[in-house]
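In what follows, a single structure is set out as structure tokens and then discussed.
Every chain is numbered from 1, with letters handed out A, B, ... down the list of sequences.
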There are 2 protein chains.
Amino acid sequence: MSVNIKDVAKKSGVSTATVSHVINGTRFVSDVTKQKVQKAMVVLNYHPNLIARSLRCKKSKTIGLIVPTVNEGAPDFFYMSVAQGIQHYIKKQGYHLIFSNYNNECDEEEQIQVFNTKCIDGLILAPTNDLREKVRNHTLFGDYPIVYVDRKMRNQPGDTILIDNQEGVFEAIQHMIHKGHTRIGFISAERGENTSDEHFQGYLKALSKYGISIDSNLIKSGPSNFETGVQLTRELLESQKVTALFIANNTLTMGAIHYLQHKNIDIPNDLAVIGYDDYEWTKVTTPFLSVIKQPAFEVGEKAAEILLSKINKQNSDYHDYRLKPYFISRESC
Amino acid sequence: MSVNIKDVAKKSGVSTATVSHVINGTRFVSDVTKQKVQKAMVVLNYHPNLIARSLRCKKSKTIGLIVPTVNEGAPDFFYMSVAQGIQHYIKKQGYHLIFSNYNNECDEEEQIQVFNTKCIDGLILAPTNDLREKVRNHTLFGDYPIVYVDRKMRNQPGDTILIDNQEGVFEAIQHMIHKGHTRIGFISAERGENTSDEHFQGYLKALSKYGISIDSNLIKSGPSNFETGVQLTRELLESQKVTALFIANNTLTMGAIHYLQHKNIDIPNDLAVIGYDDYEWTKVTTPFLSVIKQPAFEVGEKAAEILLSKINKQNSDYHDYRLKPYFISRESC
DNA sequence: TAATTTTTTGCAATCGTTTACAAATTCATT
DNA sequence: AATGAATTTGTAAACGATTGCAAAAAATTA
């Protein structure tokens, strides 16, 4: 792989400038020389060195991605889909993705530092809470555009791609109401994060739209893990009479479903259920689970689209973009 | 980001050579100048440009990864874990990963071409059948080391990291036999791929070790999808009397479990079950599913380890490495 | 044919590092 | 103080592309 532009130039009897212009179409070259050059390129099996090109042009055609693709040991499917969406979009434009998943916050900062030296053209980042604080002081980022996904970064310029969490929950609850349910349980991750808060808002909005009063006994929340899902579901069902249950988090949904199956509760007759995230396991349950599906892949695509448009200076003002989740109606409600 | 080594040199009153040597520790520099240089670097917030370095050193500290992380629209968790394993290992060594997932074979070839121009230091590749044929003719690869994962590439030099498929199945079946089962159903993906063939060998090996005769009626295979899993399980259970069932493929396992839950079959009393791949959904089923877990993360780590050792010329002969799956004993068998 | 315009190409600097080679400085020795 | 050895630094050429500027070649015109 050590054949370079000079070799091609020599072989075809022209200057490197001409070869370069043939490659990039950046100025007129007569047909006859163009063909000489092209022939030389295939004969020598020449491929331009992108590193040299990057150095000269100060464009690497590479974007960085920093997301937690692994969460407490387990792979985080949401961010994986985001990554795939990005990949899908940028590939078409000849861009590359170098990616890096962080495990803790200190790590995250370090990753950004590394990316800075890599001359990335842009960055897609899912910021932790911690990072939001830190970045206020340091000059952490280089002078490339940044797009944030899933979480907002208030004190920093940049676009943000978000999920319309409220709308997703609203639709699900509304669907339940249309089916005649009025006592609807709601389980979510701990309040405080903007995602769970928005979920809760969606729940309230739907109930109030249809004039159903809020019963705080039907509302539970806790840390996002399997056991809590089991636990909260048990607490809810043992103490309250509900005809429908919405769980606003995938891991909690798994716990809930496990409990319900274990207790042989007839879904949807005894209890209608809508869960969160359309992962593979929702197709194993009996009956198949209706869910709110987050448009993770689309988030990735959108992030990539916005980022590339920023890189190419096609627009310069910052926006938040909210993508609507899908309600996937299967058999559980 | 336009502060470069010259700026540092000027600021600290030394030559760029000295700065470079301070950065890399490549020759002796007196303490006093070393400190001047280091101070200038922090004051200016200097970070060496890795692209320039790559160009000069012909080392990019970047490795490429080409795997099908998306398979028929659905994310492929196996390769995702592989990717994470790689990531985990190379990060510690200061390497980066650029990755690319292919959807069809022609795409795969193209991706390799692109990587060649990126000056990757090494490549990790899950080759398709198709690629194995193609590569015979072309000079497709650059002169970097290559490590193959999951599938062998016979006509090309390189190491291969494989899973000991036979051993995994053997252990599972043996476990069933120890529990007293003799009529053990076996469902796998279509024969022909070396993975399914190895699965089948494991089944045969276990049965013959314990002197259990082979009954071809208990052996089913078909394309890897949910419906086939349902279908084959039904066929097996309706026609044969079996007390245990092993499914050597995750998607087929999902179908099987769905059928069994739907039919209200008592696991493990009516039927003991061991499935394939320890994905999240195995913890939703009632009872929790015992599985053969493929060491995907470890495959990634091992691939990275071997590749980096090749890049650093620490060894030069090619090997196949076979990693043993884990048998995870839960409640279904 | 000479002058002028148009078409087509080449020269050489540049991007930011690393590194072979050599030069300057310091130190010890006589 | 002059010499040589040891220590410490600097100069400048790479790496492989792109591109502003200008020159050569061809075509047109007078």
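Residue A:R53 contributes atom CZ, which lies 16 Å from atom C1' of D:dC15 at whole-angstrom precision. When rounded to the nearest whole Å, the span between CG of B:D7 and P of C:dC15 equals 11 Å. The CD1-P distance, from A:I5 to C:dA12, rounds to 17 Å in whole Å. Whole-Å rounding puts the A:K6 NZ to C:dC11 P distance at 12 Å. Summarising the geometry, the separation between CG on B:L55 and C1' on C:dT14 is reported as 12 Å, rounded to the nearest angstrom. Whole-Å rounding puts the A:H47 NE2 to D:dA17 C1' distance at 16 Å.
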Practice item. Check the pair A:F77, B:F77 against ring-ring contact (aromatic ring centres under 6.0 Å, His included), reporting the backbone distance first and the verdict last. Key: CA-CA 9 Å; A:F77 301 117; B:F77 301 117; 4.5 Å; yes
Exercise for review: Carefully, step by step, assess B:L307 and B:Y95 under the rule side chain to side chain contact (heavy atoms under 4.5 Å, CB included).
Suggested key: CA-CA 11 Å; B:L307 186 63; B:Y95 277 76; over 6 Å; no
**Study point:** side chain to side chain contact (heavy atoms under 4.5 Å, CB included) assessment of B:K310 paired with B:V147
**Key:** CA-CA 9 Å; B:K310 280 281 163 24; B:V147 170; 5.6 Å; no
Practice item. Evaluate side chain to side chain contact (heavy atoms under 4.5 Å, CB included) for A:Y46 paired with A:I23, printing each intermediate quantity in order. Key: CA-CA 11 Å; A:Y46 167 77; A:I23 294 167; 3.7 Å; yes
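Sorted by first and then second residue, the side chain to side chain donor-acceptor pair (under 3.5 Å) pairs involving residues 27-37 of chain A (not counting sequence neighbours) are A:H21-A:R27, A:S30-A:T33. Applying the side chain to side chain donor-acceptor pair (under 3.5 Å) definition to pairs two or more places apart or across chains, those involving residues 50-61 of chain B are B:S60-B:D121.
For the segment residues 56-64 of chain B, residues with any heavy atom less than 4.0 angstrom from an atom of DNA chain D are, sorted by number, B:R56, B:K58.
In terms of heavy atoms, B:L97 sits closest to B:A83 at CD2-O, 4.3 Å.
Distances shorter than 4.0 Å separate none of the side-chain N or O atoms of B:N4 from OP1 or OP2 on C:dC15. Between B:S20 and C:dT17, a side-chain N or O to OP1/OP2 separation shorter than 4.0 Å is absent.
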What nitrogen or oxygen pairs link the protein and nucleotides 6-11 of chain D at under 3.5 Å?
| unit_1 | atom_1 | unit_2 | atom_2 | d |
| --- | --- | --- | --- | --- |
| D:dT9 | OP1 | B:S30 | OG | 3.0 |
| D:dT9 | OP1 | B:T33 | OG1 | 3.0 |
| D:dT9 | OP2 | B:S30 | N | 3.1 |
| D:dT9 | O4 | B:R27 | NH1 | 3.2 |
| D:dG10 | OP2 | B:S15 | N | 2.8 |
| D:dG10 | OP2 | B:S15 | OG | 3.1 |
| D:dG10 | OP2 | B:T18 | OG1 | 2.8 |
| D:dG10 | N7 | B:R27 | NH2 | 2.8 |
| D:dG10 | O6 | B:R27 | NH1 | 2.6 |
| D:dG10 | O6 | B:R27 | NH2 | 3.4 |

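Scored by the side chain to side chain contact (heavy atoms under 4.5 Å, CB included) test, A:D150 finds A:F78, A:Y79 as partners (sequence neighbours excluded).
Listed for the A:D7 side chain is no donor-acceptor partner under 3.5 Å among the backbone atoms of A:K10.
When each of B:I311, B:I124, B:D159, B:L123 is paired with B:P145, the side-chain contact (heavy atoms from CB on, under 4.5 Å) condition holds for B:I311 and for no other. Results of the side-chain contact (heavy atoms from CB on, under 4.5 Å) test with A:I63 over A:I98, A:I120, A:I86 single out A:I86 as the only residue that passes.
Summary for the helix from C:dT1-D:dA30 to C:dT30-D:dA1: the axes at its two ends, each from 5 pairs, differ by 60° when rounded to the nearest 10 degrees.
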